Peer 1: 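Dropping the structure in here first, questions after.
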There are 2 protein chains.
Amino acid sequence: MTDFETREAAWIALNQIHARAHRNIERALQDAGMPRLDWYDVLWALECAPDGVRPYQMQEALLFEQSGFSRLAMRLEKEGLIIRRKDKTDGRGLVLHITDQGKALRGKIWPVYRQAIDQEMRHASEQKDCLTALLDLPRK
Amino acid sequence: MTDFETREAAWIALNQIHARAHRNIERALQDAGMPRLDWYDVLWALECAPDGVRPYQMQEALLFEQSGFSRLAMRLEKEGLIIRRKDKTDGRGLVLHITDQGKALRGKIWPVYRQAIDQEMRHASEQKDCLTALLDLPRK
DNA sequence: CACATATAGATGCATTTGCATCCATATTGC
DNA sequence: GCAATATGGATGCAAATGCATCTATATGTG
């Protein structure tokens, strides 16, 4: 097997594992009446950053599109889960902060999310053979 | 580190690696004027199945939503890349076949896709440490 | 300072998604 | 054979996405 074939197989496995885990985790959240994963990601990132986060930083970290994240932040604010303040030191920008309500919701989501992660990744490790070859490849 | 923490770390790594690779590969295709990955997946699956594929099977294999795939197939047919025939043995269903034009397009996409896979997965293997622990975990 | 360029974020519009429902044919149990 | 139910696929509608563009502020250069 060439190095490329190894990488190709890993890409296929990566897609399959991710797609199935992602779909099932989203379903678990939805079945429990919880919001989607992207909401959780934002809330958690903000809960970890007491001084708030600039949208453009969050976009890069979480790989959102700029316009998509802009509107996601507006939805989250409309739901009372975050606040968007003007940044005092940069008139162009904002700083996002989580609200108490946001923290409460994140805390309610976590047990469901945690359980789903555990179940899906337990299952995923059964597909490990598809990835091990990649991991054993020299990095350059 | 508990088993759960290992799985959680693996889930986070899986997301990051997948999201970045997926985004960059899609960009590479788009920059080359090629269609999106989901088109490629369908074309390739059909090219591998000379007798055609039933939509419901493709949905399951590629983890599409039923309605989403239904419309994707219609778009592909409108572009002349596939044909949707009525299944003779099941009046409810269809059988999808790739056209010559579809094969030609898939062949044109592949070199671009291949190059992008190679580059992204080469990079991805640098994040391997996040996943190895999961892979070493006993499966049950 | 004045001007050109870069950056943060919002927005209009077309396309795509997700969900619920709907239609048609298959299958099952009586 | 016939009603009840299940399955494959399409569709209407609301919501989300991607892209290009727009506005406002920052930064950099002469």
Side-chain angles (χ1 to χ4, degrees), chain A residues 19-20 22-42 45-46 52-79 81-97, chain B residues 19-20 22-42 45-46 52-79 81-97:
Chain A
R20 207 182 48 72
H22 187 263
R23 188 193 56 172
N24 290 344
I25 289 173
E26 289 281 19
R27 278 186 187 167
L29 289 173
Q30 182 163 313
D31 290 352
M34 299 296 172
R36 294 179 27 180
L37 262 186
D38 52 359
W39 285 35
Y40 185 89
D41 290 339
V42 174
L46 291 180
V53 180
R54 294 289 299 268
Y56 76 96
Q57 291 174 332
M58 183 99 72
Q59 291 157 30
E60 284 166 23
L62 301 184
L63 297 179
F64 283 109
E65 295 273 326
Q66 183 269 319
S67 65
F69 184 75
S70 174
R71 287 192 261 235
L72 173 54
M74 292 193 262
R75 273 174 252 144
L76 291 171
E77 187 176 50
K78 202 175 305 173
E79 298 291 330
L81 303 169
I82 71 173
I83 347 179
R84 301 183 309 153
R85 293 214 188 91
K86 276 197 259 197
D87 187 330
K88 277 147 196 157
T89 74
D90 183 347
R92 298 167 299 183
L94 305 174
V95 187
L96 308 181
H97 298 271
Chain B
R20 208 182 48 72
H22 186 264
R23 188 193 57 172
N24 291 344
I25 289 173
E26 289 281 19
R27 278 186 187 166
L29 289 172
Q30 181 163 314
D31 290 351
M34 300 293 172
R36 294 177 30 178
L37 262 185
D38 51 1
W39 285 34
Y40 185 90
D41 290 339
V42 174
L46 291 180
V53 181
R54 294 289 300 268
Y56 76 96
Q57 291 174 332
M58 183 100 72
Q59 291 157 32
E60 284 166 23
L62 301 183
L63 297 178
F64 284 109
E65 294 275 325
Q66 183 268 319
S67 65
F69 184 75
S70 173
R71 287 192 261 234
L72 173 54
M74 292 192 261
R75 274 174 250 146
L76 291 171
E77 187 176 50
K78 202 175 307 174
E79 298 290 329
L81 303 169
I82 71 172
I83 348 177
R84 301 182 310 151
R85 292 214 188 90
K86 275 198 258 196
D87 187 330
K88 278 147 195 156
T89 74
D90 184 346
R92 298 167 300 182
L94 306 174
V95 188
L96 309 181
H97 297 271

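All of these numbers come straight from a predicted model, not from anything done at the bench. So that the names make sense, note that chain A is the first sequence line, chain B the second, and so on, each numbered from 1.
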Peer 1: Under 3.5 Å, is there a donor-acceptor pair between the side chain of B:R85 and the main chain of B:L94?
Peer 2: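 No; zero donor-acceptor contacts below 3.5 Å.
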Peer 1: Would you please name every residue forming a side chain to side chain contact (heavy atoms under 4.5 Å, CB included) with A:P35, sequence neighbours left out?
Peer 2: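 Residues passing side chain to side chain contact (heavy atoms under 4.5 Å, CB included) with A:P35: A:W39, A:L105, A:I109.
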Peer 1: Identify all pairs in which a protein N or O lies below 3.5 Å from an N or O of nucleotides 25-28 of chain D, and state each distance.
Peer 2:
from   : atom 1 : to    : atom 2 : distance (Å)
D:dT25 : O3'    : A:G91 : N      : 3.4
D:dA26 : OP1    : A:G91 : N      : 2.6
D:dA26 : O4'    : A:R92 : NE     : 3.4
D:dA26 : O4'    : A:R92 : NH1    : 3.4

Peer 1: Using a strict heavy-atom distance below 4.0 Å, which residues from residues 52-60 of chain B are in contact with DNA chain D?
Peer 2: B:R54, B:P55, B:Y56
Peer 1: Does this structure show an ion pair linking A:R92 with A:D87, if we count only N-O contacts that are shorter than 4.0 Å?
Peer 2: no
Peer 1: With no hydrogens and no angle check, is any side-chain donor or acceptor of B:E77 less than 3.5 Å from a backbone partner on B:R84?
Peer 2: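 Checked: pair present.
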Peer 1: Could you list the residues that satisfy salt bridge (charged side-chain N to carboxylate O under 4.0 Å, His left out) with B:R23, not counting sequence neighbours?
Peer 2: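 Listed in chain order: nothing, the list is empty.
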Peer 1: For B:L96 versus B:A73, what's the shortest heavy-atom pair and its separation?
Peer 2: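 Closest approach of B:L96 to B:A73, heavy atoms only: CD1-CB, 4.5 Å.
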Peer 1: Quickly work out the B:F69 CZ to D:dG9 P distance and round it to whole Å.
Peer 2: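 Taking CZ of B:F69 and P of D:dG9, I get 9 Å after rounding.
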Peer 1: Rounding to a whole Å, what distance do you find between B:E77:CD and D:dG9:C1'?
Peer 2: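 So the CD-C1' distance, B:E77 to D:dG9, works out to 14 Å.
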Peer 1: With sequence neighbours left out, write down each residue that passes side chain to side chain contact (heavy atoms under 4.5 Å, CB included) with B:A45, or none if nothing qualifies.
Peer 2: B:M58
Peer 1: Salt bridge (charged side-chain N to carboxylate O under 4.0 Å, His left out): which pairs involve residues 26-37 of chain B, sequence neighbours left out?
Peer 2: B:R36-B:D38
Peer 1: Find the distance B:L76:CG to D:dA10:P and express it as a whole number of Å.
Peer 2: 13 Å
Peer 1: Taking all heavy atoms of B:R54 and all of B:V95, pick out the closest pair and write down the distance.
Peer 2: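 Closest pair (atom of B:R54, atom of B:V95, distance): CD-CG2, 4.0 Å.
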Peer 1: Please figure out whether B:L94 or A:Q66 has its closest DNA chain D nucleotide nearer the 5' end.
Peer 2: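 Residue closer to the 5' terminus by nearest nucleotide: B:L94.
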Peer 1: Grab the CE-P distance between B:M74 and D:dG9 for me, whole Å please.
Peer 2: 12 Å
Peer 1: List in chain and number order the residues that pass side chain to side chain contact (heavy atoms under 4.5 Å, CB included) with A:A32, two or more places apart in sequence or in another chain; answer none if no residue qualifies.
Peer 2: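 For A:A32 the side chain to side chain contact (heavy atoms under 4.5 Å, CB included) partners, ignoring immediate neighbours, are A:M34, A:V112.
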Peer 1: Tell me, please, the opening and closing nucleotides of DNA chain C, 5' to 3', among those with an atom under 4.0 angstrom from a non-hydrogen atom of chain A.
Peer 2: C:dT7 to C:dC19
Peer 1: List in chain and number order the residues that pass ring pair (Phe, Tyr, Trp, His ring centres under 6.0 Å) with B:H22, two or more places apart in sequence or in another chain; answer none if no residue qualifies.
Peer 2: B:H18
Peer 1: For nucleotides 13-18 of chain D, list the nitrogen or oxygen atoms of the protein found under 3.5 Å from its nitrogen or oxygen atoms, one pair per line.
Peer 2:
from   : atom 1 : to    : atom 2 : distance (Å)
D:dG18 : O6     : A:R71 : NH2    : 2.6

Peer 1: B:Q66: what forms a side chain to side chain contact (heavy atoms under 4.5 Å, CB included) with it, not counting sequence neighbours?
Peer 2: B:Q59, B:S70
Peer 1: Ring pair (Phe, Tyr, Trp, His ring centres under 6.0 Å) with B:Y56: which residues, sequence neighbours excluded?
Peer 2: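 Partners of B:Y56 under the ring pair (Phe, Tyr, Trp, His ring centres under 6.0 Å) test: none.
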